[in-house]
Amino acid sequence: MGDETVPQRKPAKTRPWTWVWATALMTVVCGGPMALLAWGAAAWDGIGEPKPADCAEVMTFARGTLPADARDARCTAAHWQETQVVAEFRTDRAGVGAWLAATCPAGEPAYSCEVNVCVRASYDEVLFVDVTIAYEDGETALVRVEAFDL
């Protein structure tokens, strides 16, 4: 048996692109969850904040309509686990009683009231509507309708 020589291998060289791909892989593995966390925090930041809404849609949600002579209407809606809407408008004082009777026929006077008229209506213990009316002067009433569901 003679002398057999084992061929010597040269040490493997790392290719320049190996480091680029390794860096990209580490960025995705480590930075991906961090980017997802940052995106989630930014996306959930505005959840539940009231935003301007269409008053017709707000009043439909509250199971009512705006009176024909409503003016200066401002409506907001907030959504998260439940929906809460608010409509505020001015109307003629003379017709506000008839409008209230048509809008909240099942409404009952609230336990305490800091304005002229307060009514609370409950629909199947799922939707609650609060209506407050403040008489501003001899001819104008400020109406606030708040509705929320569970």
Side-chain angles (χ1 to χ4, degrees), residues 11-150:
K13 283 190 191 177
T14 56
R15 297 181 195 152
W17 283 102
T18 303
W19 292 111
V20 171
W21 287 113
T23 304
L25 180 66
M26 289 304 292
T27 301
V28 169
V29 169
C30 296
M34 293 300 291
L36 187 63
L37 184 64
W39 172 80
W44 283 81
D45 187 40
I47 297 287
E49 295 292 321
K51 294 180 177 62
D54 180 41
C55 286
E57 291 177 10
V58 166
M59 290 303 293
T60 299
F61 179 81
R63 299 202 179 163
T65 59
L66 283 174
D69 60 349
R71 55 193 175 276
D72 301 331
R74 291 174 306 210
C75 300
T76 60
H79 307 283
W80 194 54
Q81 291 182 345
E82 68 273 334
T83 299
Q84 181 177 8
V85 297
V86 176
E88 192 172 87
F89 57 90
R90 287 183 170 75
T91 187
D92 293 335
R93 186 175 176 175
V96 76
W99 171 83
L100 181 60
T103 300
C104 291
E108 298 178 4
Y111 180 71
S112 66
C113 186
E114 296 181 11
V115 292
N116 301 101
V117 178
C118 297
V119 174
R120 170 165 265 192
S122 172
Y123 298 95
D124 300 326
E125 297 296 322
V126 175
L127 176 68
F128 298 91
V129 179
D130 292 327
V131 179
T132 59
I133 302 171
Y135 300 132
E136 293 183 320
D137 56 27
E139 297 181 14
T140 306
L142 177 64
V143 179
R144 182 178 174 92
V145 178
E146 293 184 58
F148 62 93
D149 65 356
L150 301 175

S.K.: Distance check, rounded to the nearest 0.5 Å: Thr132 atom OG1 versus Glu146 atom CD?
M.R.: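 Answer rounded to 0.5 Å: 7.0 Å.
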S.K.: Would a 4.5 Å heavy-atom cut-off, applied to side chains only, mark Val58 and Arg74 as touching?
M.R.: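 No. Closest side-chain heavy atoms not under 4.5 Å.
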S.K.: Taking all heavy atoms of Gly107 and all of Ala121, pick out the closest pair and write down the distance.
M.R.: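 Nearest pair, atom of Gly107 first, then Ala121: CA-CB, 3.9 Å.
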S.K.: Would you say Glu108 has more than 12 foreign heavy atoms packed within less than 6.0 Å of its CD?
M.R.: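 No, not enclosed.
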S.K.: Check side-chain contact (heavy atoms from CB on, under 4.5 Å) between Thr83 and all other residues, then give those that pass, not counting sequence neighbours.
M.R.: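 Result, side-chain contact (heavy atoms from CB on, under 4.5 Å) vs Thr83: Phe61, His79, Val85, Asp149.
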S.K.: Apply the side chain to side chain contact (heavy atoms under 4.5 Å, CB included) test between Arg144 and each candidate in Ile133, Val86, Asp130; give the one that qualifies.
M.R.: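 Exactly one candidate clears the test, Val86.
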S.K.: Nearest 0.5 Å, what's the CZ-CG distance between Arg90 and Asp69?
M.R.: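 Those atoms lie 13.0 Å apart.
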S.K.: With sequence neighbours left out, which residue pairs that include part of residues 113-150 fulfil the disulfide (SG to SG under 2.5 Å) condition?
M.R.: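 Disulfide (SG to SG under 2.5 Å) check on residues 113-150 returns Cys113-Cys118.
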S.K.: How far apart are the closest heavy atoms of Tyr135 and Ala141, and which atoms are they?
M.R.: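 It is CD2-CB, 3.9 Å.
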S.K.: Please report the interatomic distance CD(Glu82) to CZ(Phe148), rounded to the nearest 0.5 Å.
M.R.: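 One gets 8.5 Å once the value is rounded to the nearest 0.5 Å.
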S.K.: For the OG1 atom of Thr103 and the CZ atom of Arg63, what is their distance to the nearest 0.5 Å?
M.R.: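 With rounding to 0.5 Å, OG1 (Thr103) is 13.0 Å from CZ (Arg63).
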S.K.: Do the side chains of Val145 and Val143 get nearer than 4.5 Å, heavy atoms only?
M.R.: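 Counting from C-beta outward, Val143 and Val145 do come under 4.5 Å.
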S.K.: Nearest 0.5 angstrom please: Asn116 CG to Leu142 CG, how far?
M.R.: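 It comes to 10.5 Å.
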S.K.: Quick one: closest heavy-atom pair of Met59 and Thr65, and the distance?
M.R.: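 Between these two residues, the closest heavy atoms are CE-O, 3.5 Å.
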S.K.: Do Thr91 and Trp99 have side chains that get closer than 4.5 Å, going by heavy atoms?
M.R.: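 Side chain of Thr91 against side chain of Trp99, heavy atoms only: no contact under 4.5 Å found.
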S.K.: Within the structure provided, determine whether Cys104 and Val129 are in side-chain contact (heavy-atom separation under 4.5 Å).
M.R.: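 Answer yes - side chains close enough.
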S.K.: Once side-chain contact (heavy atoms from CB on, under 4.5 Å) is applied, do any residues pair with Asp137, and if so which ones, sequence neighbours excluded?
M.R.: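 Testing Asp137 for side-chain contact (heavy atoms from CB on, under 4.5 Å), a comparison that skips the adjacent residues, returns Glu139, Thr140.
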